Amino acid sequence: MALFKSTQVTNGVTVLSASGANDTVSLVGDFVIPAGFAANDVIEFGALPFGYVPVDLVVDHEDNGGTMTGNFGLLTGEFGASGARTCGAEFISGGDFSTAAAVKRLAVAGGTRIAPTTAETVAAGGATHRGWGAVFTSVTTPTVGSKIRATLFVRAAVEGV
């Protein structure tokens, strides 16, 4: 299992701060399928910033070839970390990202009720910013060079909600 990073993570795009924020903002991650991409490879698309909660997710993908079935959710560990990381299915579970270009939306109950990272969770050893991304559990003959754009909409947590 390899760990890949979106263009934005690789280029070090600045993580947002919730200080004084009230508006919903979009966090965009782009990924191009490389040669050798295989089942259970994890892609980190971006950071769910400290103090923010998810509102929605939109995934726009090109024709990815044979079979690509996977999940979008939160990654284990600190945002941007290297090494072995896993990806949950908090936003999309078992989505089909295969042959037809399409748009997918957040489709898992509870995906918008994920608690924010707080000073208390960080003090207890939790990550400051959590990564979000995808893992494709089934991959056969992916189209090298096909693109996936994921946009996570988030808002600042208000009064601990």
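The structure presented is a predicted model; accordingly, all values stated were derived computationally and were not measured.
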Can you see which heavy atom on [X] is nearest to which on [Y], and at what distance?
X    : Y    : value
S98  : G66  : CB-O, 3.4 Å
V139 : A39  : CB-N, 3.7 Å
S26  : T151 : CB-CG2, 3.6 Å
G83  : L3   : O-CD2, 3.6 Å
A157 : V53  : CB-CG1, 4.2 Å

Taking the six-membered ring where the residue is Trp, are the ring centres of F72 and F97 under 6.0 Å apart?
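That pair passes the under 6.0 Å test.
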H129 and F79 aromatic ring geometry - parallel, tilted or perpendicular at 30°/60° bounds
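The rings of F79 and H129 stand perpendicular, inter-plane angle above 60°.
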Counting C-beta onward and ignoring hydrogens, is there a side-chain heavy-atom pair between [X] and [Y] closer than 4.5 Å?
X    : Y    : answer
V28  : Q8   : yes
F153 : P54  : no
V42  : T86  : no
E62  : I148 : no
F4   : P34  : yes
L27  : P49  : yes
R130 : T76  : no

Could you go through the side chain to side chain contact (heavy atoms under 4.5 Å, CB included) check for T137 and N40 one step at a time?
CA-CA 5 Å; T137 53; N40 298 314; 4.1 Å; yes
Check: N64/T143 side-chain N/O donor and acceptor closer than 3.5 Å:
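Their side chains do not contain a donor-acceptor pair, so the 3.5 Å distance test is not met.
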Regarding T67 and T140, do their side chains bring together a donor and an acceptor under 3.5 Å, going by distance alone?
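Yes, T140 and T67 have a side-chain donor paired with an acceptor closer than 3.5 Å.
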Looking at [X] and [Y], would you say the former's side chain and the latter's main chain have a donor-acceptor pair under 3.5 Å?
X    : Y    : answer
T7   : G29  : no
K104 : H61  : no
D41  : A38  : yes
E44  : G133 : no
R149 : D30  : no

Please round to the nearest 0.5 Å and tell me the distance separating atom [atom1] of [X] and atom [atom2] of [Y].
X    : Y    : atom1 : atom2 : answer
S6   : F45  : OG    : CZ    : 7.0 Å
T141 : M68  : OG1   : CE    : 10.5 Å
L48  : T117 : CG    : OG1   : 6.0 Å
D63  : K147 : CG    : NZ    : 12.0 Å

Is there a path of hydrophobic side-chain contacts, each under 4.5 Å between heavy atoms of I, L, V, M, F, W or Y residues, that connects [X] with [Y]?
X    : Y    : value
F91  : V55  : no
L75  : V108 : no
F136 : V58  : no

Here's a test for you: under side chain to side chain contact (heavy atoms under 4.5 Å, CB included), which of V154, I43, L57, I114 qualifies with W132?
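Option passing the side chain to side chain contact (heavy atoms under 4.5 Å, CB included) with W132: L57.
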Using side chain to side chain contact (heavy atoms under 4.5 Å, CB included), reason through D23 and R155 one step at a time and then give a plain yes or no.
CA-CA 6 Å; D23 297 331; R155 66 169 174 80; over 6 Å; no
